[in-house]
Amino acid sequence: MEYKSLSGEVKIPALGIGTWGMGGEFSKDYSSDKKDIFALKTAISLGMTHIDTAELYAGGHCEELVGEAIKNFDREKISITTKVWENHLKYDALIQAAKRSLKRMKIEYIDLYLIHWPNPNVSLKETIRAMDFLVDQGVVRFSGVSNFSLSLLKEAQGYSKNKIVANQVEYNLLERAPEKELLPYCQEKDIMLVAYKPLARGELAKPGYKLLDFLTKKYKKSLAQISLNWLISKPKVVVIPKASTIAHLEDNLGAVGWRLEKEDLRKLDKNFTP
Ligand code: NAP
């Protein structure tokens, strides 16, 4: 596994694991529990020790699955990101939401707690004050945000006593918006850009993009491996592809430990045409 430094304090794997859809989508669905727990345990065993979940996912059941999957691993070696939903951004509501997440995952602390989406109806200052409280109490190790524009990220930084260490946003070969101003800012300020939907929900693992198809042949790597390697090659970017089959997990693992050549990275940067 390759690691990247989170705020110069801890290392997290460049390749983590996403969980959207595990345990259901917006409500609880227990039908795939065994398969999902097995996938998560396998991911951890393969070194994907950064697990991304959220209180929203499967009405909380996804966090329960994460708790079940990690219970026999060394907690210190696992980084758990979870996110507070936009209806719990007031001071007391956020603190209670974090406590419920802890309970569902049967853990003592959250490694990285993110504001899932900004909510213009709640004072960001108040939300950040609650995040600071959780960090001060040791309930949360690091605080961060998700789906924040550069201006909102800066606003959050202005209110926060503790460092905002990450912004989780959609970023992949087809979605380049973060490159304009967010990524350069994160790189300059040592903020991790956690790329969600790094495979564009599986779209980038399907043939049909000429340059990607060409590179798979040149490097003898899969489409997913090329797509993820391009992201990981960028400073301050880590990825959290969701995979629930062992074949996909093993395939994604092949995205780390090597680098596309500079010229090919440049081609993907400039000439990748959806
Ligand atoms: P994604 O990771 O881009 O794609 C997941 C899809 O790709 C799944 O259908 C998966 O199939 C498939 N896949 C995985 N590896 C593959 C491979 N090697 N070859 C072919 N297909 C492969 O999309 P995502 O799940 O939406 O995003 C990743 C994570 O980011 C989420 O799970 C969630 O934790 C987080 N997220 C956060 C936000 C936010 O607002 N902060 C929004 C969206 C997502 P199988 O499941 O069948 O293996």
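Counting starts at 1 for both ligands and their atoms, in listed order. Values reported hereafter were calculated over all heavy atoms of this structure, with side chains retained and with hydrogens, waters and symmetry mates removed.
Using modelled atom types and a 3.5 Å distance limit, the side chains of D251 and S222 yield a donor-acceptor pair. Of the N and O atoms on the side chains of E63 and T82, at least one donor lies less than 3.5 Å from an acceptor on the other residue. A donor-acceptor pair shorter than 3.5 Å can be found between the side chains of Y209 and E203. Inspection of the Y171 and K197 side chains reveals no N or O donor paired with an N or O acceptor under 3.5 Å.
If you look at A205 next to ligand 1, the close heavy atoms, those under 4.0 Å, all belong to the side chain. Within the 4.0 Å heavy-atom criterion, both parts of L199, backbone and side chain, lie near ligand 1. Proximity of K83 to ligand 1, defined as any heavy-atom pair under 4.0 Å, is confined to the side chain (atoms from C-beta onward).
Contact of the V194 side chain with the D52 side chain is not registered, since no non-hydrogen atoms from C-beta on lie closer than 4.5 Å. Put simply, the side chain of N119 reaches to within 4.5 Å of the side chain of L89, judged on heavy atoms. Residues I12 and T49 have side chains not in contact (no heavy-atom distance under 4.5 Å, counting atoms from C-beta outward). In this structure, the side chains of E2 and R259 come closer than 4.5 Å at one or more pairs of heavy atoms.
The contact set between ligand 1 and H116, taken as ligand atoms under 4.0 Å from a residue heavy atom, comprises 39 (C), 40 (O), 41 (N). Short contacts between ligand 1 and Y57, defined as distances under 4.0 Å to a heavy atom of the residue, involve ligand atoms 33 (C), 34 (O), 35 (C), 36 (N), 37 (C), 38 (C). Every atom of ligand 1 is numbered from 1 in the order shown, and the set under 4.0 Å from a heavy atom of W117 is 40 (O). For ligand 1, the atoms sitting less than 4.0 Å from at least one non-hydrogen atom of Q168 are 35 (C), 36 (N), 37 (C), 38 (C), 39 (C), 41 (N), numbered in the order shown with element in parentheses. Listed by number with element, the atoms of ligand 1 under 4.0 angstrom from any heavy atom of S244 are 45 (P), 46 (O), 47 (O), 48 (O). The atoms of ligand 1 that sit less than 4.0 Å from any heavy atom of N252 are 14 (C), 15 (N), 16 (C), 17 (C), 18 (N).
The protein atom (non-hydrogen) at minimum distance from atom 29 (C) of ligand 1 is I240 O, 3.2 Å. Distance from atom 31 (C) of ligand 1 to its nearest protein heavy atom, with residue and atom name: W20 CB, 3.6 Å. Counting only heavy atoms of the protein, atom 17 (C) of ligand 1 lies nearest to H248 CD2, 3.4 Å. Of the protein's non-hydrogen atoms, Y196 CD1, 3.6 Å is the one closest to atom 44 (C) of ligand 1. Nearest protein neighbour of atom 26 (O) of ligand 1, counting heavy atoms only, is R201 NE, 2.7 Å. Scanning the protein heavy atoms around atom 23 (O) of ligand 1, the nearest turns out to be K197 CA, 3.5 Å. The shortest contact between atom 35 (C) of ligand 1 and any protein heavy atom is with D52 OD2, 3.4 Å. Ranking protein heavy atoms by distance to atom 12 (C) of ligand 1, first place goes to K242 O, 4.0 Å.
Distances from atom 40 (O) of ligand 1 to the heavy atoms of N147, T81, L228 put N147 nearest.
Taking the six-membered ring where the residue is Trp, H116 and W85 present perpendicular rings, their angle passing 60° and hence far from 30°.
Residue-environment remark: NZ (K11) stays at or below the threshold of 12 foreign heavy atoms within 6.0 Å.
Between A200 and ligand 1, at least one pair of N/O atoms sits closer than 3.5 Å.
Without hydrogens or angle criteria, D29 side chain to G23 main chain gives no donor-acceptor distance under 3.5 Å.
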